[in-house]
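Notes for the one structure printed next.
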Number of protein chains: 2
Amino acid sequence: MQNNVNGNTEKRILEAAKHVFLQQGMDGTVMQHIADEADISRTSLHYYFRSKEKLYESVLQELVGRFIGQVNGIMTQDLPFPEKLKIIVHEYIELFKSNPVLPNFILHELNRNPDKIMLLLSEALHRDFRSRFTEELHGYNPDVSASQFMMSLISMCVFPFVARPLVHHLFFDGRKDAFETFVEERKTFVFDMLINAITP
Amino acid sequence: MQNNVNGNTEKRILEAAKHVFLQQGMDGTVMQHIADEADISRTSLHYYFRSKEKLYESVLQELVGRFIGQVNGIMTQDLPFPEKLKIIVHEYIELFKSNPVLPNFILHELNRNPDKIMLLLSEALHRDFRSRFTEELHGYNPDVSASQFMMSLISMCVFPFVARPLVHHLFFDGRKDAFETFVEERKTFVFDMLINAITP
DNA sequence: GTCTATATCGGGATAGAC
DNA sequence: GTCTATCCCGATATAGAC
């Protein structure tokens with residue numbers, strides 16, 4: 001690629017890095033791979049981002065930040081509890097549908113370096129979200145454990161994506177489109193389960 | 001360590017390797033670390049297992065094999081469906097309680113190399129398990145999607161373990177014992193949700 | 001800003017002594 | 001069987017030319 005007149009090389013690098021890091025993780029990624037993908041020489045990476053670690057940090061910040069942002073957007077809508085629940089499930093699954101490897105990346109990072117991620121999460125997440133959710137849940141049915149309930153919600157939405165190959169092979173023998181319809185049906189299935197769980 | 005008279009060095013290496021690989025994954029692991037943990041020189045590893053890859057293979061085989069074995073044992077008991085469900089959930093969670101990092105490891109490997117893992121899974125899993133489970137489920141309630149139901153069962157049991165730091169921080173601010181009781185309560189919570197889902 | 005050349009380091013693997 | 005010494009390679013990182 002010729003000399004960079006417009007200043008978008010940095011952006012291109014970040015895009016490439018995001019892509020590779022998402023797929024390979026920090027340990028599995030080699031800088032050359034990112035360089036190739038950004039159509040740039042390997043050393044030039046170090047011109048823009050002094051080290052691999054620094055580059056990784058940038059990507060991490062952006063990804064987690066964006067993720068948190070979207071989750072917050074979903075969680076803080078003002079509606080009757082069941083409607084809200086429906087939207088949360090729906091939007092959650094949509095989010096993962098359009099960012100297939102993101103949950104895996106965050107999960108991996110969460111275990112590699114829990115404190116760092118949880119710091120990002122805590123800073124970004126609305127302080128009072130949990131108590132508000134708990135309050136609304138208990139307004140609807142006070143006998144349900146909020147943490148168990150939330151955990152179930154998250155689990156059922158996220159896990160099929162982080163274990164996608166399992167779903168593919170176990171249920172559909174690798175048929176491509178089957179996963180799409182499975183995920184689509186999942187929205188109502190999960191919602192129904194949750195409603196059942198809190199309806200006395 | 002002195003010369004090995006009894007032949008348990010290999011075993012010790014496997015133990016150490018299992019431990020390190022489980023924590024760090026294939027990419028994150030360095031051979032020196034395993035050598036240290038086995039109290040042996042780094043080069044001796046190569047005497048027993050020609051390469052890192054080979055050593056990893058051995059560990060992987062054993063771990064996944066053992067895992068499959070236990071899951072199979074749980075799944076193939078002969079009981080009325082609801083009782084069976086209760087036992088499956090209970091045993092599943094117990095399995096993860098005593099092997100905290102195992103699910104993470106398998107999940108990671110599943111995404112790193114889906115075909116290899118799924119091959120191991122397919123070989124080991126009873127061919128007719130799914131159809132049998134589906135049959136029994138539909139005997140109890142024919143209107144429930146078997147794949148959605150199974151996915152929910154697995155998700156709710158496994159996910160809290162693979163996202164353990166999230167659970168810790170989000171719900172308990174890192175209190176150590178809280179996770180234990182959470183997991184204990186989870187057995188009945190998940191079971192109740194599943195029963196609710198299939199009771200017309 | 002981007003390249004080529006090079007330094008440095010770390011980890012996997014092998015040879016050979018004991 | 002286990003060690004020490006060494007080889008080799010690949011990846012990060014830097015210096016300096018253009």
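Convention: sequence-line order gives letters A, B, ...; per-chain numbering from 1.
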For atom CG of B:Asn8 and atom C1' of D:dG1, their distance in whole Å | 13 Å

What does B:Thr43 touch in the nucleic acid at a heavy-atom separation under 4.0 angstrom: a base, only the sugar-phosphate, or nothing?
-> base

Any B:Leu119 side-chain heavy atom under 4.5 Å of B:Asp115 side chain | no

Selection from D:dA13, C:dA13, C:dT2 that lies nearest to any side-chain heavy atom of B:His46 = C:dA13

Look at the rings of A:Phe161 and A:Phe179 and say which category their plane angle falls in: under 30° parallel, 30 to 60° tilted, over 60° perpendicular.
-> perpendicular

Is it possible for you to say whether A:Ile88 and A:Ile195 belong to one hydrophobic cluster, with membership spreading through side-chain heavy-atom contacts below 4.5 Å?
-> yes

With the side chain of B:Arg50 defined as its heavy atoms from C-beta on, choose the nearest nucleotide among C:dG12, C:dC3, C:dT14.
-> C:dT14

B:Tyr47 has its side chain closest, among C:dG11, D:dG1, D:dA11, to D:dG1

A:Asp27 CG to D:dA11 C1': how many Å, rounded?
-> 13 Å

Using atom CG of A:Asp39 as one end and atom P of C:dT2 as the other, report the distance to the nearest whole Å.
-> 11 Å

Determine, for A:Lys97 against A:Glu94, whether the closest basic-nitrogen to carboxylate-oxygen distance falls under 4.0 angstrom.
-> yes

Given D:dC3, is OP1 or OP2 found less than 4.0 Å from the side-chain N or O atoms of B:Ser44?
-> yes

When rounded to whole Å, the OH to C1' distance for the pair A:Tyr48 and D:dT14 reads 17 Å

Just how far, in rounded Å, is P of C:dT2 from CD1 of A:Ile13?
-> 7 Å

Nearest-angstrom distance from the residue atom CG of B:Leu45 to P of D:dT4 = 14 Å

Looking only at side-chain N and O atoms, does A:Ser41 come under 4.0 Å of OP1 or OP2 in C:dT2?
-> no

Closest to the B:Arg42 side chain: D:dA13, D:dG1, D:dT6?
-> D:dT6

Will you find, in the side chains of B:Ser131 and B:Thr134, an N or O donor that is under 3.5 Å from an N or O acceptor?
-> no

A:Asp36 atom CG is separated from D:dA11 atom C1', nearest whole Å, by 13 Å

Once you round it to whole Å, what is the distance between P of C:dG10 and NE2 of B:His33?
-> 17 Å

